[in-house]
2 protein chains.
Amino acid sequence: MRSITHPVAEQLSLPGVLHALSDPVRLAIVGALRDGAELPCGMLSVPVSKSTLSHHLKVLRDAGLTLTRVEGVQRHVSLRAEDVERRFPGLLRSVLPHSSASAAA
Amino acid sequence: MRSITHPVAEQLSLPGVLHALSDPVRLAIVGALRDGAELPCGMLSVPVSKSTLSHHLKVLRDAGLTLTRVEGVQRHVSLRAEDVERRFPGLLRSVLPHSSASAAA
DNA sequence: ATCCTAGTTCGAGATGCATCGAACTACGGC
DNA sequence: GCCGTAGTTCGATGCATCTCGAACTAGGAT
């Protein structure tokens, strides 16, 4: 297993972030992580196989939207709400309407 | 040439809109249309061929982001800022930061 | 050591997308 | 009618993406 890498906030590109958010599965994942929730991959209830979920989480991570933290045998995923808000103010809020999007944190 | 159709505001899907916005060329087009500008296709200075531009405009139109109005021999394109704002409040503003995005119109 | 659980990586298949040039349509002017 | 301009549609090409199952890795429990 290769080490997990995250782009720095300044590297986030708007097309990249929008593309990452343009898939229903990934949008559901981001929705499950609103309000600062941190969940292990397995707690994300999306209707895809384990390998597909792993792929989507990599896309979100590479786009700079999520942070993956290793804890024992599992990986905890959370939204990089602050970084995204700093780069693209208001974006998370507009994409996750029924939530504070933790953007003010 | 088939007749030009536009989806009604209620049909706009968030993944669809985000996907339409996730291409740099289309993002540039939307940027050129901010603040209520209405331009003929040819006035959009993007570095792609005519057929590719036509394709991108169709993607934006089908996603519900733009309105195409026929006037003589040319097609005038404009942002459906009000409709998008009603469906996804704040989205245009966050994607077109250096502009009012005409969303309050 | 053995096993289980959690998740990643590796092909592979099917689909979608961006791009182009060429052919086409439609309107306006001469 | 004839031509030019504006834009669309039609393949075709090459690349990206979504999806899966199978094989793999790594940590924890027994």
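No experiment lies behind these values; they were computed from the predicted model shown. Order of the sequence lines sets the chain letters (A, B, ...), proteins ahead of strands, with each chain counted from 1.
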Problem set entry | No-hydrogen, no-angle side-chain donor-acceptor test under 3.5 Å, B:Ser51 and B:Ser54 | no
Exercise. Looking at B:Val17 and B:Phe88, what are the two nearest heavy atoms and their distance?
Worked result: CG2-CE1, 3.8 Å
For this session: Could you say whether B:Cys41 or A:Val73 is positioned toward the 5' end of DNA chain D, judged by the nucleotide with the nearest heavy atom to each?
Result: B:Cys41
For this session: Check salt bridge (charged side-chain N to carboxylate O under 4.0 Å, His left out) between A:Arg69 and all other residues, then give those that pass, not counting sequence neighbours.
Result: A:Glu38, A:Glu71
For this session: Verify side-chain contact (heavy atoms from CB on, under 4.5 Å) between B:Arg26 and B:Val46, making sure each step is shown before the conclusion.
Result: CA-CA 9 Å; B:Arg26 292 195 289 265; B:Val46 291; over 6 Å; no
Exercise. Using a cut-off of 4.0 Å between protein heavy atoms and nucleotide atoms, how would you tag nucleotides 11-16 of chain C 5' to 3' with B, S and -?
Worked result: ------
Exercise. What pairs meet the side chain to side chain donor-acceptor pair (under 3.5 Å) rule with one or both residues in residues 58-68 of chain A, with sequence neighbours excluded?
Worked result: A:Lys58-A:Asp62, A:Arg61-A:Thr68
Exercise. Can a side chain N or O of B:Arg26 be found less than 4.0 Å away from OP1 or OP2 on C:dA18?
Worked result: yes
Exercise. Tell me, which pairs form a side chain to side chain donor-acceptor pair (under 3.5 Å) where one or both residues lie in residues 5-23 of chain A, sequence neighbours left out?
Worked result: none
Exercise. So how far off straight is the helix from C:dA1-D:dT30 to C:dC30-D:dG1, going by the axes through five pairs at either end, to 10°?
Worked result: 10°
Exercise. To the nearest Å, how far apart are B:Leu57 CG and D:dT8 P?
Worked result: 6 Å
Show me the protein contacts with nucleotides 19-23 of chain C, counting only N or O atoms at under 3.5 Å.
{"residue": "C:dT19", "atom": "OP2", "partner": "B:His56", "partner atom": "NE2", "Å": "2.4"}
{"residue": "C:dC20", "atom": "OP2", "partner": "B:Ser49", "partner atom": "N", "Å": "2.8"}
{"residue": "C:dC20", "atom": "OP2", "partner": "B:Ser49", "partner atom": "OG", "Å": "3.3"}
{"residue": "C:dC20", "atom": "OP2", "partner": "B:Thr52", "partner atom": "OG1", "Å": "2.9"}
{"residue": "C:dG21", "atom": "N7", "partner": "B:Ser51", "partner atom": "OG", "Å": "3.3"}
{"residue": "C:dG21", "atom": "O6", "partner": "B:Ser51", "partner atom": "OG", "Å": "2.9"}

For this session: Grab the CG-P distance between B:Leu44 and D:dG7 for me, whole Å please.
Result: 9 Å
Exercise. Could you state the interatomic distance from OG (A:Ser78) to CG (A:Leu67), rounded to the nearest 0.5 Å?
Worked result: 4.5 Å
